[in-house]
Structure formats: C-alpha cells, structure tokens
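To start, the structure itself, in structure tokens.
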Protein chains: 2
Amino acid sequence: MAEKRKITLKDIAKELNLSPSTVSRALNGYPSLSEETIQMVKDYAEKHNYIPNTMAVNFRKNRTSILGMIVPQIVHHFFSTTIDGAMETAKKHGYSIILAQSQDMLKDEIRASQHLLGMGVDGLLISVSNETKEAEHLQAFLDEGKPVVQFDKITDYLVSPKLVVDDFQSAYDAVTHLIKQGYRKIAHLSGRMDVKNAHERYKGYRKAIEDHGLEFREDWVKNCWEISEKEGMEFTKELMESGNAPDAIFCITDVVALGAMKHLQSKSIAIPQQVGIMGFSNWMLSDYTSPTLSSVDQHGKAMGSKAAELLIEILKNQDPVTDEFHEIKTELIIRESSQK
Amino acid sequence: MAEKRKITLKDIAKELNLSPSTVSRALNGYPSLSEETIQMVKDYAEKHNYIPNTMAVNFRKNRTSILGMIVPQIVHHFFSTTIDGAMETAKKHGYSIILAQSQDMLKDEIRASQHLLGMGVDGLLISVSNETKEAEHLQAFLDEGKPVVQFDKITDYLVSPKLVVDDFQSAYDAVTHLIKQGYRKIAHLSGRMDVKNAHERYKGYRKAIEDHGLEFREDWVKNCWEISEKEGMEFTKELMESGNAPDAIFCITDVVALGAMKHLQSKSIAIPQQVGIMGFSNWMLSDYTSPTLSSVDQHGKAMGSKAAELLIEILKNQDPVTDEFHEIKTELIIRESSQK
DNA sequence: TTGAAAGCGCTACCAG
DNA sequence: CTGGTAGCGCTTTCAA
C-alpha cells in the first residue's frame with residue numbers, strides 16, 4: 001500500500017514563511033488576521049491538498065467528536081430507526097457515532113461502556129438492557145465529564161436526561177381503542193414487570209380496563225420473558241384454553257402479537273371478528289401480515305434524533321447533566337387486526 | 001460536570017521513581033524488564049485506576065483502531081445483519097466501527113467517505129450505492145495506505161478484496177426450484193441493469209429458463225428502479241393484464257415480492273396455486289406474510305463478519321490490497337409462496 | 001534492565 | 001496582526 005506523505009501545518013508555515021500558529025488561525029477562521037494572509041494560506045492548503053490530522057487535533061483538544069451509542073440489538077427495526085435518527089442529527093453537528101450492542105445483557109453493556117469510554121467518546125447515548133439494575137458503568141462517564149442521554153429503555157439509577165415515549169398513555173389509548181371496537185374481555189401479553197416500559201404499558205392497560213368498567217383479571221395477564229413469537233403462541237394457547245377465553249389481546253410488542261396471531265389462525269379463530277389483536281412498536285412487517293396488525297408507532301427516528309440533539313446540546317453548552325424527562329409522541333396505527 | 005483528573009503515565013513514573021519509558025514498557029508487556037518492576041507498575045496502575053489516553057496513543061501510533069463502514073441504509077434488514085456481523089468480528093479484534101449511510105446516493109457516499117477518512121479510520125468496509133460508477137473517493141483510502149474491503153454491492157472501479165454472494169447461481173437455483181414445482185411461464189421483476197447484483201440475478205434467471213427449455217420473453221422482465229413495494233404491485237398488474245400472464249414471478253428482492261403478492265391478492269389470484277412467487281434476501285417478514293414467502297437467504301451476518309475479518313487481516317499483516325473475490329454461500333428458503 | 005529525550009501535529013498562550 | 005513557544009500523553013530510539 002503506497003503511503004502518500006501528508007502535508008502538515010508546519011510544512012505550510014515553512015513554505016509560506018509564516019508561523020504555524022498563523023497558519024492554524026487562518027485555516028480555522030480566526031478574526032484577527034489580514035484578508036490576504038488568510039487567502040494565501042487557504043489557497044496553498046487547497047492547492048497542496050492539506051488535510052488536518054484529526055488525531056492530533058483530537059489529542060490537543062481532548063475531544064473526539066465521536067458519540068458512543070449502545071442499544072440492546074442493532075438487528076431490530078425499532079432500534080435501527082433510532083440509530084438512523086441519531087446518526088443523521090450527529091452528522092449535522094459534525095459528530096460521528098460508534099455503535100455497540102448489549103444483547104440485553106448487563107455484562108455486555110458494561111464491556112461496551114468501558115470500551116467506548118476508553119475510545120474517548122465525547123458522550124453516550126444509551127438504551128439500557130433488561131438486566132440493568134445499577135449504573136456504575138454509566139456513572140463512570142459522568143465522572144469523566146462525559147454526558148449521557150438515555151432513551152427508550154431507561155434506568156432511574158443514573159441521573160441523566162431521559163427520553164421516552166409515554167408507554168402508559170400509549171397503552172391506555174391502544175386498549176381504549178379495543179374497547180371502543182366492542183371488545184370486552186381484553187387480555188395482555190406483557191413483558192417483565194421489572195422493566196420500566198413493560199410495567200408502564202401494563203399499568204396503562206389496567207387503567208383503561210378499569211376506567212371503562214371492564215373486568216380486570218390477573219389470569220388474563222401473562223408475562224413474556226424473552227418477548228418472543230414463541231411466547232406469544234404459547235400464552236395465547238393458554239389463554240384460549242382456559243375456562244375464560246378473552247376476545248382481544250393487547251401485546252407488549254409486535255413480535256408477540258405475531259405469535260398470538262399464528263396460534264389463533266392455527267385454530268381457525270377469526271381475527272379480528274372473534275379475537276382482536278393489538279401490537280406495540282409498529283414493526284415494518286405489521287403492514288404485511290394477514291390480517292394487517294394494529295400497533296403503536298414509537299417514532300424511533302425522531303427519538304434517536306432528539307436523543308442526539310439533547311446530548312450535543314449539553315456538549316456544546318457545557319451544561320450540567322440533569323435528570324430531565326422528555327417525551328416523544330406515539331401514534332396509534334389502526335389496521336385490520338383490531339377492527340371488528 | 002465534575003471533571004475527575006485522570007492519572008497519566010508520567011504521574012506513575014514520578015510516583016514510582018521510574019522513567020515514563022519504563023512505565024510504558026511495563027504496561028505494554030515488554031520482555032526486557034524485571035518481574036518486580038512490572039508488578040510494581042501494574043499494581044500501582046491498577047490501584048489508581050490508570051486508563052491510558054487513547055487519543056494520545058492513537059496520535060502517537062498514527063492509527064485509531066476504528067474501521068469505517070458505509071452501507072446504503074441502516075434501516076434495512078439485510079444491511080443491519082451485515083453490521084451486526086462486522087461489529088462482532090471487529091470487537092473480537094479490538095476494533096470499533098463508525099457507521100455511515102449513503103442512502104444509495106453517490107453524493108452522500110462521497111461525503112461519508114471523506115468524513116471517515118478525515119476521522120482517521122484505519123480501513124473501510126463498504127457496500128456501494130446504486131449510483132457508484134467511479135471510485136475516486138474510495139481510491140483516496142488506498143492512497144493513504146488504508147485498505148478497503150467491498151461487500152455485497154461492489155464496484156469494479158476499485159481494486160480491492162470483494163465479498164459477494166453468487167447472485168447468478170442463487171437466482172439460477174431459485175428459478176430452477178420454481179420450474180421443478182411445475183411453473184412454466186416465469187416472469188422476473190428485476191432491478192437496474194447497471195447494478196451488478198441485479199444484472200447477475202437477471203442472468204441467472206435467464207439461464208435457468210433457457211437451460212430448462214422454457215420460453216424467455218423480454219416482456220416478462222420488468223426493471224424496478226426504486227426496488228419498492230409499489231413497483232412490485234404495478235409491474236405485476238402490467239404482467240397479469242398483458243396478453244401473456246406468467247404463472248410465477250421471481251422478484252429481485254422480498255419487498256418487491258410483497259408488492260406482487262398484494263396485487264395478486266387484490267385480484268383474488270391464488271398464491272401459489274395460480275401464480276408462484278419467489279423473493280430474494282429473506283427479510284425477516286417473509287416468514288410472517290400470508291402465504292409465507294419463499295426467498296434466498298444471503299447470510300448477512302456471516303458476510304459482515306467475513307468482510308471485517310478480511311479487512312483486519314490486511315491491517316494486521318500489512319498486506320497489499322489485491323483484487324480477490326470471496327463468496328458467501330446463499331440458502332434457498334422454500335416456504336409456501338412457491339409450492340404448488 | 002532502565003533512563004533521557006525527542007517528537008508525533010496541532011493549538012493556545014503570551015509577547016510584541 | 002503575527003510569531004515564538006510550550007506542551008497535550010505517549011512511544012521509541014539511543015545510550016548507559
């Protein structure tokens with residue numbers, strides 16, 4: 001590989017009989033320089049294709065213009081949209097993003113945090129794993145003066161700006177929609193109750209049921225651990241074969257809803273006529289299933305974008321990291337599976 | 001934000017009455033040091049939580065241990081799996097990845113390349129945009145001694161290792177499967193003929209048709225430009241309403257196949273009985289459509305992983321960048337849409 | 001086995 | 001308006 005000797009600031013200075021400082025200033029647009037000097041330097045730099053050495057600049061300024069971003073999984077429609085949004089905004093402000101994933105395991109999240117911290121990222125965007133019940137590894141960022149912004153899956157163990165959708169309200173609205181469609185016996189395939197989003201959705205579900213004078217039954221709530229299609233199938237089977245079959249199911253996320261639909265269809269139970277289904281997250285595939293799946297869109301791209309914006313704002317203004325909450329509006333997407 | 005003063009190599013040296021060089025050597029495991037010195041330094045570093053300043057190391061060594069990766073889109077099942085694979089392998093070798101997307105536009109690809117080059121990445125993994133018909137912006141990496149590895153969507157304008165699936169053979173096999181199922185009038189919703197993958201698939205389709213003595217008709221080949229569901233619907237409509245309706249359609253990718261299925265279903269044409277459908281790429285949703293969609297899995301994760309491996313290999317051995325081809329095996333996934 | 005010292009490329013402070 | 005210069009933290013010769 002042919003290494004091409006790169007021209008440096010000093011080279012330009014020597015060639016132009018200027019001092020390195022002057023050249024630096026000219027290139028970085030400082031005010032107190034004569035027009036002609038600036039032009040001369042810029043012309044020369046352009047002509048000789050000068051590229052500043054980023055590593056030297058980073059080193060000197062003690063910053064990298066790189067943000068770290070940790071999500072549970074990259075191969076996941078919602079998270080990939082948040083990444084998309086974060087990258088777009090980061091780019092706009094001259095930042096790059098180094099990605100890492102936790103696979104929803106604390107061990108991996110800690111490893112990734114340390115790696116990113118070691119890399120010298122300027123700040124961190126994170127959606128924590130299901131297992132994250134403490135935040136020492138994140139506090140380490142704050143201790144080094146590097147701000148952290150949490151989004152979607154958050155932990156209260158870290159004082160930092162937090163960006164979420166209103167899971168409670170979204171679930172409430174989704175279930176209310178089912179009720180308005182005439183469903184009366186609504187079950188819930190929920191998630192782990194120690195995971196905040198899941199718990200909020202559960203509360204929203206329950207509140208909607210109770211506000212509308214419907215019966216709340218413990219045995220109509222099933223906790224999915226892996227949030228998988230398989231669990232959706234199995235719990236739906238349990239529900240339907242119990243003495244008290246529901247006439248609608250509100251699912252913690254679309255993949256669980258798919259499992260529910262698969263089971264019902266295998267038993268020739270008509271969706272939405274006999275049983276209505278509501279998902280959550282609005283995965284891309286929800287529009288392609290048969291019947292199409294009603295869901296709640298979380299506007300992942302907007303969320304990623306906003307999270308990056310918050311972080312960059314803190315970076316630019318050297319703001320202190322505070323415990324503020326921000327909300328992204330959700331959108332109820334009504335398709336076939338929930339319309340009687 | 002409370003900045004905590006980080007301890008440096010010099011601090012350790014002073015404290016231990018050693019020279020910085022000795023400390024550096026101790027920490028980096030040089031051979032010619034006494035056991036006790038090494039232990040003393042390591043203990044001290046550990047105890048005082050010494051973290052080397054990556055920026056200084058990068059600067060000094062003139063490398064970042066960061067790989068650049070450019071894909072057309074991140075929010076795309078196949079590409080997100082390649083990213084997953086690349087990240088996993090990169091991590092294993094101590095590399096990080098900075099992502100960028102081209103949105104399938106040359107302009108954005110060039111911008112991203114320059115950005116990554118400026119960031120000082122050690123090498124580049126890229127799947128080029130549809131518009132990439134020259135490679136100056138990629139050659140710039142090679143000119144600086146930074147290796148480039150292309151994967152999936154490649155351009156011949158750059159001499160570099162290339163990693164692809166055998167689109168020709170995969171298409172040939174997929175179409176052959178349709179023929180064996182008894183379909184005789186097979187159409188093809190193809191892509192842009194100036195995009196290599198698309199052209200290869202087209203050739204595979206055509207060869208399979210001809211090898212089995214079936215009729216090849218120009219008007220059974222429709223070129224999709226955006227590779228969208230909408231195009232899938234429209235071209236399928238055209239095909240079905242022409243005098244010569246096909247009895248199977250081989251689609252350039254799954255999303256086009258979904259469009260085809262939507263149109264057929266809107267006309268109550270039975271899949272796979274009346275018309276068989278074959279996709280390509282094996283998007284996650286192919287397993288959830290009704291009927292489920294047969295497709296070709298490209299093993300994206302393996303591809304990303306292998307691409308990273310090739311790049312890191314070059315980096316480690318300082319190998320020259322050569323024009324070698326590597327192949328990832330595909331897998332024909334037969335589901336309902338293609339089985340009469 | 002260890003130390004001294006140079007220097008990577010750049011920025012920023014202090015002078016003039 | 002411009003120059004001189006120190007120094008960021010680390011690695012790596014060269015010398016001892």
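Proteins come first, then strands; the chains are lettered A, B, ... in the order of their sequence lines, and each starts at number 1.
At least one side-chain nitrogen or oxygen of B/S34 sits closer than 4.0 Å to the OP1 or OP2 atom of C/dT2. Using a 4.0 Å cut-off, some side-chain N or O of A/K10 falls inside it from OP1 or OP2 of C/dC8. Side-chain N/O atoms of A/Y30 include none lying less than 4.0 angstrom from OP1 or OP2 on D/dC1.
For the helix from C/dT1-D/dA16 to C/dG16-D/dC1, the axis fitted to the five pairs at one end and the axis fitted to the five pairs at the other end meet at an angle of 40° (nearest 10 degrees).
Rounded to an integer number of Å, the gap from B/I12 CD1 to D/dT11 C1' is 15 Å. We find that NZ of B/K61 is positioned 16 Å from C1' of C/dG7, with the value rounded to whole Å. The CE atom of A/M55 sits 17 Å away from the C1' atom of C/dT11 (whole-angstrom rounding). With rounding to whole Å, A/M40 atom CE is found 11 Å from D/dT2 atom C1'. Rounded to whole Å, the distance from CG on B/L27 to P on D/dG9 is 16 Å. One interatomic measurement links the two molecules: CG of B/L9 to C1' of D/dT11, which rounds to 9 Å at whole-angstrom precision. At whole-Å resolution of the value, CG in A/N62 and P in D/dG9 are 8 Å apart. Nucleotide C/dA12 holds its C1' atom 14 Å from the CG atom of A/L33, rounded to whole Å.
Pairs engaging residues 51-75 of chain A under the ring pair (Phe, Tyr, Trp, His ring centres under 6.0 Å) rule: A/F59-B/F59 [sequence neighbours left out].
Judged by distance alone, with hydrogens and angles left aside, the side-chain atoms of B/S127 form a donor-acceptor pair with the main-chain N or O of B/F151 at under 3.5 Å. A donor-acceptor pair under 3.5 Å links the side-chain atoms of A/D104 to the main chain of A/N130, judged by distance alone.
Both A/R60 and A/T37 sit near DNA chain D, but only A/T37 has its closest nucleotide nearer the 5' end. Mapping B/I38 and B/F59 onto DNA chain C by nearest heavy atom places B/I38 at the nucleotide closer to the 5' end.
Inspection of the A/D122 and A/T64 side chains reveals an N or O donor paired with an N or O acceptor under 3.5 Å. Side-chain atoms of B/S160 and B/Q150 form a donor-acceptor pair, as typed in the model, at a separation below 3.5 Å. With 3.5 Å as the limit, one finds a donor-acceptor pair spanning the side chains of A/T8 and A/D11.
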Donor-acceptor pairs under 3.5 Å, side chain of residues 109-118 of chain B to any protein atom, not counting sequence neighbours: which ones?
| from | atom 1 | to | atom 2 | distance (Å) |
| --- | --- | --- | --- | --- |
| B/E109 | OE1 | B/S129 | N | 2.8 |
| B/E109 | OE1 | B/T132 | OG1 | 3.1 |
| B/E109 | OE2 | B/T132 | OG1 | 2.9 |
| B/E109 | OE2 | B/H137 | NE2 | 2.8 |
| B/S113 | OG | B/E109 | O | 2.7 |
| B/H115 | NE2 | A/S96 | OG | 2.5 |

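Of the candidates A/Q139, A/K146, A/E144, A/Q139 is the only one forming a side-chain contact (heavy atoms from CB on, under 4.5 Å) with A/L142. Tested against A/V159 for a side-chain contact (heavy atoms from CB on, under 4.5 Å), the candidates A/D323, A/L138, A/V148, A/T322 yield a single pass: A/D323.
With distances taken from any side-chain atom of B/N28 to the nucleotides D/dC8, D/dT11, C/dC10, the minimum falls on D/dT11.
With a 4.5 Å cut-off on side-chain heavy atoms, A/P52 and A/L9 do not count as touching.
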Write out a two-atom table: protein N or O, nucleotide N or O from nucleotides 3-5 of chain C, distance below 3.5 Å.
| from | atom 1 | to | atom 2 | distance (Å) |
| --- | --- | --- | --- | --- |
| C/dG3 | OP2 | B/S19 | N | 3.1 |
| C/dG3 | OP2 | B/S19 | OG | 3.4 |
| C/dG3 | OP2 | B/T22 | OG1 | 2.6 |
| C/dG3 | N7 | B/R25 | NH2 | 2.7 |
| C/dG3 | O6 | B/R25 | NH1 | 3.2 |
| C/dG3 | O6 | B/R25 | NH2 | 3.3 |
| C/dA4 | N7 | B/S21 | OG | 3.4 |
| C/dA4 | N6 | B/S21 | OG | 3.1 |

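DNA chain D lies under 4.0 Å from no heavy atom of any residue of residues 41-48 of chain B.
Here A/H48 pairs with A/I7, A/Y44 under the side-chain contact (heavy atoms from CB on, under 4.5 Å) rule; sequence neighbours left out.
Here the CD1-CD distance, from A/I314 to A/E309, works out to 11.5 Å after rounding to the nearest 0.5 Å.
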